**Student:** 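Please see the structure below; I have some questions.
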Amino acid sequence: MEHNSSNFIRNIIKEDIESGKHKEIITRFPPEPNGYLHIGHAKSIVINFGLADEFNGKTNLRFDDTNPSKEDQEYVDSIKEDVQWLGFEWDSMLYASNYFDEMYKRAILLIKKEKAYVDDLTAEQIREFRGSLTEPGKESPYRNRSIEENLDLFERMKNGEFENGSKVLRAKIDMSSPNLNLRDPVIYRVSHAEHHNTGDKWCIYPMYDFAHPLEDAIEGITHSICTTEFEDHRPLYDWVVAECEMENVPRQYEFGRLNITNTVMSKRKLKQLVDEGYVDGWDDPRMPTVSGLRRRGYTPEAIREFVKETGVSKNSGTVESAMLEHFVREDLKLKALRTMGILRPLKVVITNYPEGQVEMLDAENNPENPEMGTRQIPFSREIYIEQDDFMENPPKKYFRLFPGNEVRLKHAYFIKCEEFIKDEEGNVVELHCTYDPETKSGTGFTGRKVKGTIHWVDASQAVPAEFRLYEPLIKDEELEAAEQSGEETTFLDHVNPNSLQIVQGFVEPNMKDVKAHDKFQFFRHGYFNVDPKNSTPEKPVFNLIVSLKSSFKL
RNA sequence: UGGGCUAUAGCCAAGCGGUAAGGCAACGGAUUUUGAUUCCGUCAUUCGAAGGUUCGAGUCCUUCUAGCCCAGCCA
């Protein structure tokens, strides 16, 4: 689809290619394997892989596994699955840990150039010595150790002679820099931890600020694209590449993170929702994780188009969730079979229809996509309709069923409401209607018109089904109101109690054979996905992906 | 209050000295066997504010204002 407007990173790449700075571009998607991917990562994926595709370049999938205490193989597997599901293929799959030997050598080079030193200060002391946003830092008393002593100490760090936290390797830059990242950043720490890839080979691990530029340079990455919070790390990134005398000089470019209304995106908050049981797991359909969106029924195409249309800039804005929803409807419109499902059933007896008679009616599978063909659906004396489609005392402009009113049953006949039956509590539990055989769909009947068309399911062959209806987990308005009222509150206090609503209804008989992830449009409701975990042939479970739009207001 | 970054409609976003693209939302109207879809139309005399340069400024200069990020041995 060609609706991309330009963005600053694409413009830079275009210039770099036109000027001959690069013949081929190489980007990378560098997740840390310590959690599940969410739609914010999807944006990074689309940008990195998308730009490389566009300019015939390459993209590496590189796991930034420099902190073994947090990382795990489980996450690398899920990340690979998510990237592929989103529709992208990496050129090489790599690990930062592949370069630990090379990084170690470059650290020694820094020591030899008197650009790095081993520091014995504790973590707390280092923090104190760093100064503050407005005050310069102080130099560590260990800052001017000899090259020989530093070399010896660093080797012994590597050999495991020191405990976690007892020593670090620091870059020697400038303790009075206004950029805190340049105040002698730690580049190696001691960690006696089992690494998912290198096992117990290493007792020291490089820090992100040292490792990342080296990884990019080693792989020949031309454009290292990340989010804006890394902007003040760029001088350090460039320092590392230069001082480590790397042959390739990658450039870092930063774009603004994706935020979506009524959605929490931070890994920490998502983890809280999972750990504290507010949701079913990382793939709960209410979660903005890639696995959650997949289970909900969002398609890769919709996610990609959404990301492209929101654009790439350095602003930190918040996109309305309506925009994401728009792109799912757009994608599913021609793909999803249109069928009838009753979420909240109300029985209707068609009193003048012969008892025991069943007729088969033709129904188009998707009027906007005739290639999807037609199907046959049964019709008989008893059907279910939606409770909402009957009102005893309707307001003006209510086009559905009420005493004496006639409507069209989709694909079938006109029916007229003759009487309604209530239970002891006053709830309407059954309708008696009459039908007009003249008005059968497809016969071209033009004798009279009705204002409303409602959907229905034949009661004798209806398949019981579960529908899971979703609302946002967090509503921004409520959260903001609470925050502004000054009360002490966290987002967890405002998890929407209606975020999941489960109802039991019926679907057409031919829905018996649905498979996981089949997607349908239930007429007048919305798009639904067959839940891959809980759906069974006896009792299909449908997740609401997104409702149809509606201009009807009661 | 040190440094970095950002500011174009309700939201996202193009724009690169020549007179404000596009998408979402909203609102009219037509078509409709989904109150959907589709179609057609409306929606920034003005670009955070104020000055200045220029024949001409969203684009250049100055000052101001607001918002975001940074003091992990996380990434």
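Every value quoted in this text rests on a predicted model; they were computed, and no experiment measured them. Naming: A, B, ... by sequence-line order, numbering from 1 per chain. Both backbone and side-chain heavy atoms feed into the values below; hydrogens, waters and symmetry mates do not.
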**Student:** Could you check whether A:H212 gets within reach of a base, just the sugar-phosphate, or nothing at all, counting any heavy atom under 4.0 Å?
**Tutor:**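 Since no nucleic acid heavy atom lies under 4.0 Å of A:H212, the category is nothing.
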**Student:** Across the strands shown, which category fits A:E320 at heavy-atom distances under 4.0 angstrom: base, sugar-phosphate, nothing?
**Tutor:** base
**Student:** According to the Watson-Crick and G-U wobble definitions, with both distances under 3.5 Å, which nucleotide is paired to B:rA36?
**Tutor:** none
**Student:** Should A:F523 be counted as stacked on B:rA36, where stacking needs a ring-centre gap under 5.5 Å and an angle between planes under 30 degrees?
**Tutor:**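 No, A:F523 does not stack on the base of B:rA36, since the centre distance and plane angle fail the 5.5 Å and 30° test.
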**Student:** With a non-hydrogen cut-off below 4.0 angstrom, is A:N315 in contact with a base, only sugar-phosphate, or nothing?
**Tutor:** sugar-phosphate
**Student:** When all nucleic acid strands are considered with a 4.0 Å heavy-atom cut-off, which category describes A:R524: base, sugar-phosphate, or nothing?
**Tutor:**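 Base contact.
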**Student:** Applying a 4.0 Å non-hydrogen cut-off, can you work out what A:L121 is touching in the nucleic acid: base, sugar-phosphate, or nothing?
**Tutor:**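 Result for A:L121 = base.
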**Student:** Need one value for A:Y398: base, sugar-phosphate or nothing, where a base atom within 4.0 Å counts as base even if backbone is also close, heavy atoms only.
**Tutor:**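 Contact class for A:Y398: base.
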**Student:** With respect to the side chain of A:R400, which nucleotide from B:rG15, B:rG72, B:rG35 is positioned closest?
**Tutor:**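 Closest nucleotide among those given: B:rG35.
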**Student:** Can you tell me whether the base of B:rG72 sits syn or anti, using the 90° cut around 0 to define syn?
**Tutor:**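 Classified syn.
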**Student:** Any idea which of B:rA71, B:rG23, B:rC5 is nearest the A:K314 side chain?
**Tutor:** B:rC5
**Student:** Could you tell me whether the side chain of A:E32 reaches within less than 4.5 Å of the side chain of A:K70, counting heavy atoms only?
**Tutor:** yes
**Student:** Parallel, tilted or perpendicular: which fits the ring planes of A:Y205 and A:H195, with parallel below 30° and perpendicular above 60°?
**Tutor:**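 If you compare the ring of A:Y205 with that of A:H195, the planes turn out parallel.
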**Student:** From the options A:N179, A:I187, A:V241, A:L182, select the one residue that forms a side-chain contact (heavy atoms from CB on, under 4.5 Å) with A:L236.
**Tutor:**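 Of all the options given, the one that passes is A:L182.
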**Student:** So what does A:V312 touch, heavy atoms closer than 4.0 Å: a base, only the sugar-phosphate, or nothing?
**Tutor:** sugar-phosphate
**Student:** Rounding to an integer number of angstrom, what distance separates B:rU37 and B:rC24 when you compare their P atoms?
**Tutor:** 11 Å
**Student:** Hey, does A:L324 reach any base, or is it just sugar-phosphate, or nothing, if we go heavy atoms under 4.0 Å?
**Tutor:** nothing
**Student:** Nearest to the side chain of A:V186, which nucleotide is it out of B:rG15, B:rA36, B:rC73?
**Tutor:** B:rC73
**Student:** Give the nucleotide from the list B:rC69, B:rC73, B:rU33 with an atom nearest to the side chain of A:R189.
**Tutor:**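 My answer, after comparing the listed nucleotides, is B:rC73.
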**Student:** How is A:T122 classified with respect to the nucleic acid when contacts are heavy atoms under 4.0 Å: base, sugar-phosphate, or nothing?
**Tutor:** base
**Student:** Using a heavy-atom cut-off of 4.0 Å across all strands, would you classify A:V168 as base, sugar-phosphate, or nothing?
**Tutor:**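 Answer is base: heavy atoms of A:V168 come under 4.0 Å of a base.
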**Student:** Assign A:K397 to base, sugar-phosphate, or nothing according to its heavy-atom contacts below 4.0 angstrom with the strands shown.
**Tutor:**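 Touches a base.
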**Student:** Check every strand shown and say whether A:F230 touches a base, only sugar-phosphate, or nothing at a heavy-atom separation below 4.0 Å.
**Tutor:** base
**Student:** Counting only heavy atoms from other residues, nucleotides and ligands, does the tally under 6.0 Å from NZ of A:K271 exceed 12?
**Tutor:**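 No, not enclosed.
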**Student:** Looking at A:E215 and A:R28, does any basic side-chain N land under 4.0 Å from a carboxylate oxygen?
**Tutor:**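 Here A:E215 does not pair with A:R28 in a salt bridge, since their nearest N and O are not under 4.0 Å apart.
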**Student:** Respond yes when some side-chain nitrogen or oxygen of A:R234 is under 4.0 Å from OP1 or OP2 of B:rC5, and no when none is.
**Tutor:**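 No, no such contact exists.
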**Student:** Any donor-acceptor pair under 3.5 Å joining the side chain of A:S441 to the base of B:rU33?
**Tutor:** yes
**Student:** How long is the span from the CE atom in A:M372 to the CG atom in A:L337, to the nearest 0.5 Å?
**Tutor:** 4.5 Å
**Student:** Give one of base, sugar-phosphate or nothing for A:S177, where a contact means two heavy atoms less than 4.0 Å apart.
**Tutor:**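 Answer is nothing: A:S177 stays at 4.0 Å or more from every strand.
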**Student:** Touch check for A:K333, heavy atoms < 4.0 angstrom, all strands: base, sugar-phosphate only, or nothing?
**Tutor:**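 Sugar-phosphate contact only.
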**Student:** Measure distances between side-chain N and O atoms of A:E135 and base N and O atoms of B:rG2, and say whether any donor-acceptor pair falls under 3.5 Å.
**Tutor:** no
